[in-house]
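Contents: one structure, followed by commentary.
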Amino acid sequence: MKEKLQNLLNQSLSALVVNGTINSLPAKIRIDHTKDQKHGDYATNVALILAKQNKCSPKELAKIIIEQLDESEFIEKMEIAGPGFINFFLSEETNTAVVNEIISQGNSYGSSSVGEGQRVLLEFVSANPTGPLHVGHGRGAAYGASISNLLRTIGFEVDNEYYVNDAGRQMDILTVSIFFRYLEIIGEKLRFPDNAYQGDYIKVIAKSIALKYEKKWQKFASAMFENICKDGSEGGNKEQHIDELIGKAKTVLGVDFKTIFHIGINSILSGIKDDLADFGVNYEKWFSEQSLIDNGLAKSTVEALQKTGHVYKKDKALWFKTTDFGDEKDRVVVRDNNLHTYFASDIAYHLEKFERGYDKIINIWGADHHGYIARVKASIAALNHDPNKLVILLVQFANLYRSGKKVQMSTRSGSFVTLEELRNEVGNDAARFFYILRKSEQHMDFDLDLAKSKTNENPVFYIQYAHARICSVFRQAEEKGLQFDVKKANITLLVEDSEKALIKELNRYKGVLESSALQYEPHQLAYYLRELANNFHSYYNACPFLLDDVALSQARLALIFATKQVLVNGLIILGVSAPDSM
RNA sequence: GCGCCCAUAGCUCAGCUGGAUAGAGCAACGGCCUUCUAAGCCGUAGGUCAUACGUUCGAAUCGUAUUGGGCGCGCCA
């Protein structure tokens with residue numbers, strides 16, 4: 001509809017350029033839905049914008065534009081209002097057509113081809129597999145999944161991907177943590193390192209190892225602390241302490257170190273996968289960091305980088321001159337111990353992503369990684385790819401509140417609320433909806449007590465209730481022997497204010513989807529659905545649907561049937577269920 | 001110190017690339033169930049849009065400065 005109006009205006013304005021009334025066409029003709037019914041259905045501010053450069057009054061110009069406008073069957077009337085807005089009042093048929101359109105397209109209503117032919121790679125969550133997902137990861141999961149669904153709805157081909165950081169020191173610490181808990185379980189008394197992972201899930205994994213391997217590695221317990229420096233809380237250095245324990249464990253265990261490591265990461269990773277799947281978050285690919293090292297891609301990428309001339313040696317380490325591309329300081333890619341940094345494998349990963357031929361590569365990161373953006377974009381530019389293809393969306397942390405107090409969380413200390421716990425407490429629907437209700441760059445306060453004890457305060461129930469109410473009306477209709485038939489519905493019978501408002505709201509849906517998707521803002525859709533539900537609830541209280549007047553009944557049923565369809569379609573995108581009854 | 005994000009009603013937040021009287025939920029107050037689910041509807045009250053300048057027909061929105069909060073600034077990942 002907007003496009004039709006834009007075309008009409010374009011024609012009118014072009015004619016005015018030809019006859020010299022105005023100098024040039026505006027860069028963009030903006031047409032908006034009106035907030036107020038009194039202002040019609042759509043409004044444009046072109047006259048206001050053009051008035052200045054053509055030195056005439058906006059109202060005068062608006063009048064000329066309208067006179068120049070071609071007749072159109074879908075416009076009822078036009079008005080000049082306020083400082084010079086042109087308001088369009090659409091004809092009854094134009095507005096009501098949406099009801100039949102929704103019903104005939106059903107579940108696919110809202111789908112469009114805006115992104116047709118474009119492939120998108122969307123990487124999100126990518127939490128280190130050192131423990132279960134916590135509530136902070138949940139926000140990225142809900143946000144990413146919703147964006148993926150939105151983009152797919154408007155025609156993009158989207159692949160969801162999870163980057164698994166299964167290489168590096170943290171994995172060694174994880175292995176040692178499990179090994180120590182294992183030794184404890186089989187009866188050895190030893191001091192658990194400060195810097196090891198403290199969470200109970202480590203004990204669970206250790207127990208499964210003890211069950212399978214029994215006392216196979218018990219003999220190493222006594223040797224573990226030979227020549228190991230003191231731990232942090234003993235007055236030593238906790239980093240050095242754990243590193244030395246890692247070295248010792250690798251020496252005494254030999255290849256079995258890997259055995260324990262694999263049991264650990266597989267257990268944690270499968271937990272993460274199940275958790276996300278249960279949350280309605282699914283991936284096309286789980287990309288292993290270790291695979292980049294095993295297949296030599298990390299190494300070859302560093303070599304490719306060296307050929308660009310943006311690399312130099314300093315203090316025995318290899319530095320990438322990211323400052324050549326606007327970063328604030330240069331970054332190490334290969335350490336003085338000859339091991340490459342996390343950054344190096346990340347460059348390889350991004351290079352690999354680009355070589356897969358996507359039109360757009362989107363990363364959703366926690367806001368604490370914002371300092372990382374410049375160096376990643378630098379590496380892309382250095383390797384002759386277009387850094388603008390890479391879009392990085394930052395998600396702020398969700399602060400968790402319990403009993404009015406902020407809950408401190410840390411993976412290392414094991415004191416965190418897991419995503420699974422949250423889902424069990426408030427339900428998947430509320431969790432998914434609550435997470436995306438705030439703009440991603442907005443800090444979010446997640447009040448557990450509120451979400452738990454007063455679930456009716458969560459707007460998701462309000463929307464679901466609207467859906468359930470409509471379902472109930474159709475059940476009642478059936479009981480009364482009233483067969484709903486779209487073909488018998490004459491939508492023009494719907495003339496009440498609450499009906500017009502609801503129809504107008506339905507007309508907004510496709511625009512909201514597009515805007516929500518292209519701006520990566522699922523909260524726009526969430527707020528729209530709330531508005532739609534509100535319009536329905538008002539309608540429900542204002543007008544009865546099941547009447548002796550069959551014709552009117554059919555028309556009203558058609559309207560709420562269409563409403564139900566849009567509610568379902570929107571909720572599916574957000575990963576929220578639409579129950580038939582509550 | 002430098003960089004990024006944020007500041008809107010008592011609380012939690014919307015406000016679409018500047019646009020018509022700044023909106024919603026919760027909390028408060030007052031109405032509405034012999035009738036399709038009251039997890040609902042309608043109404044009232046509540047804001048110097050952090051502050052100060054600037055840009056212009058027009059600013060919560062753009063620019064600069066200040067204040068206050070979050071995060072980042074490793075040869076960790």
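Both backbone and side-chain heavy atoms feed into the values below; hydrogens, waters and symmetry mates do not. Proteins come first, then strands; the chains are lettered A, B, ... in the order of their sequence lines, and each starts at number 1.
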Nearest-angstrom distance, [atom1] atom, [N] to [M]:
N	M	atom1	answer
A28(B)	G72(B)	P	38 Å
C11(B)	G47(B)	C1'	14 Å
A9(B)	G74(B)	P	37 Å
G63(B)	U56(B)	P	16 Å
A59(B)	U8(B)	C1'	14 Å
A24(B)	A45(B)	C1'	16 Å
C16(B)	A77(B)	P	41 Å
A50(B)	C13(B)	P	15 Å

When you check the phosphate oxygens OP1 and OP2 of [N], does a side-chain N or O of [X] lie under 4.0 Å from one of them?
X	N	answer
Thr34(A)	A20(B)	no
Gln442(A)	A14(B)	yes
Lys314(A)	C75(B)	no
Tyr462(A)	C41(B)	yes
His523(A)	C16(B)	no
Arg530(A)	G40(B)	no
Asn534(A)	C41(B)	yes
Lys329(A)	G3(B)	no
Arg335(A)	C76(B)	yes

In whole angstrom, what separates [X]'s [atom1] from [N]'s [atom2]?
X	N	atom1	atom2	answer
Arg331(A)	C76(B)	CZ	P	13 Å
Leu529(A)	A24(B)	CG	P	18 Å
Phe545(A)	U35(B)	CZ	P	16 Å
Lys480(A)	U35(B)	NZ	P	12 Å
Asp368(A)	G74(B)	CG	C1'	14 Å

> Which nucleotide, in any strand shown, forms a Watson-Crick or G-U wobble pair with A7(B), with both distances under 3.5 Å?
Replying inline: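 Base-paired to U67(B).
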
>> Under 3.5 Å for both donor-acceptor distances, Watson-Crick or wobble: does C49(B) have a partner, and if so which one?
In response: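 The base-pairing partner of C49(B), which may sit in any strand shown, does not exist here.
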
>> Check for me whether Arg469(A) meets the cation-pi criterion with Tyr540(A), that is, NZ or CZ under 6.0 Å from the six-membered ring centre and within 45 degrees of the ring axis.
In response: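 Yes.
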
>> For Tyr462(A), does the six-membered ring have the charged nitrogen or CZ of Arg530(A) within the cation-pi criterion, i.e. under 6.0 angstrom from the centroid and within 45° of the normal?
In response: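 Yes - Arg530(A) lies over the ring of Tyr462(A), closer than 6.0 Å to its centre and within 45° of its axis.
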
>> If the glycosidic angle sits within 90 degrees of zero it is syn, else anti. Tell me which applies to C73(B).
In response: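 It is anti.
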
>> Can you work out whether Ser440(A) or Asp330(A) has the more 5'-proximal nearest nucleotide on RNA chain B?
In response: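 Here Ser440(A) is the residue nearer the 5' end.
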
> Using the ring of each side chain (for Trp, its six-membered ring), is Phe320(A) parallel, tilted or perpendicular to His310(A), with breaks at 30° and 60°?
Replying inline: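 If you compare the ring of Phe320(A) with that of His310(A), the planes turn out perpendicular.
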
> Once the angle between the rings of His350(A) and Trp365(A) is folded into 0 to 90°, is it parallel (under 30°), tilted (30 to 60°) or perpendicular (over 60°)?
Replying inline: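 Correct class here is perpendicular.
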
Report yes or no: is there a donor-acceptor pair, N or O only, under 3.5 Å between the side chain of [X] and the base of [N]?
X	N	value
Asn45(A)	G19(B)	yes
Asp32(A)	A20(B)	no
His369(A)	G72(B)	no

> Counting distance only, does the side-chain N/O of Glu499(A) pair as donor-acceptor with the main-chain N or O of Glu496(A) below 3.5 Å?
Replying inline: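 A pair under 3.5 Å: yes.
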
>> Quick check, does His39(A) stack with A20(B)? I mean ring centres under 5.5 Å and planes off by under 30°.
In response: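 Yes, the aromatic ring of His39(A) stacks with the base.
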
> For Tyr527(A) and A14(B), is the gap between ring centres under 5.5 Å while the planes differ by less than 30°?
Replying inline: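 Stacking is absent between A14(B) and Tyr527(A), given that the ring centres and planes do not meet under 5.5 Å and under 30°.
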
> Does the salt bridge (Lys or Arg N to Asp or Glu O under 4.0 Å) test come out yes or no for Lys321(A) and Asp324(A), once each step is laid out?
Replying inline: CA-CA 6 Å; Lys321(A) 207 157 185 276; Asp324(A) 285 349; 3.3 Å; yes

> Do you know the tightest heavy-atom contact between Leu151(A) and Ala517(A)?
Replying inline: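 Closest pair (atom of Leu151(A), atom of Ala517(A), distance): CD2-O, 3.8 Å.
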
>> What's Asp336(A) touching, base or sugar-phosphate or nothing? Going by heavy atoms closer than 4.0 Å.
In response: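 The residue Asp336(A) makes base contact.
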
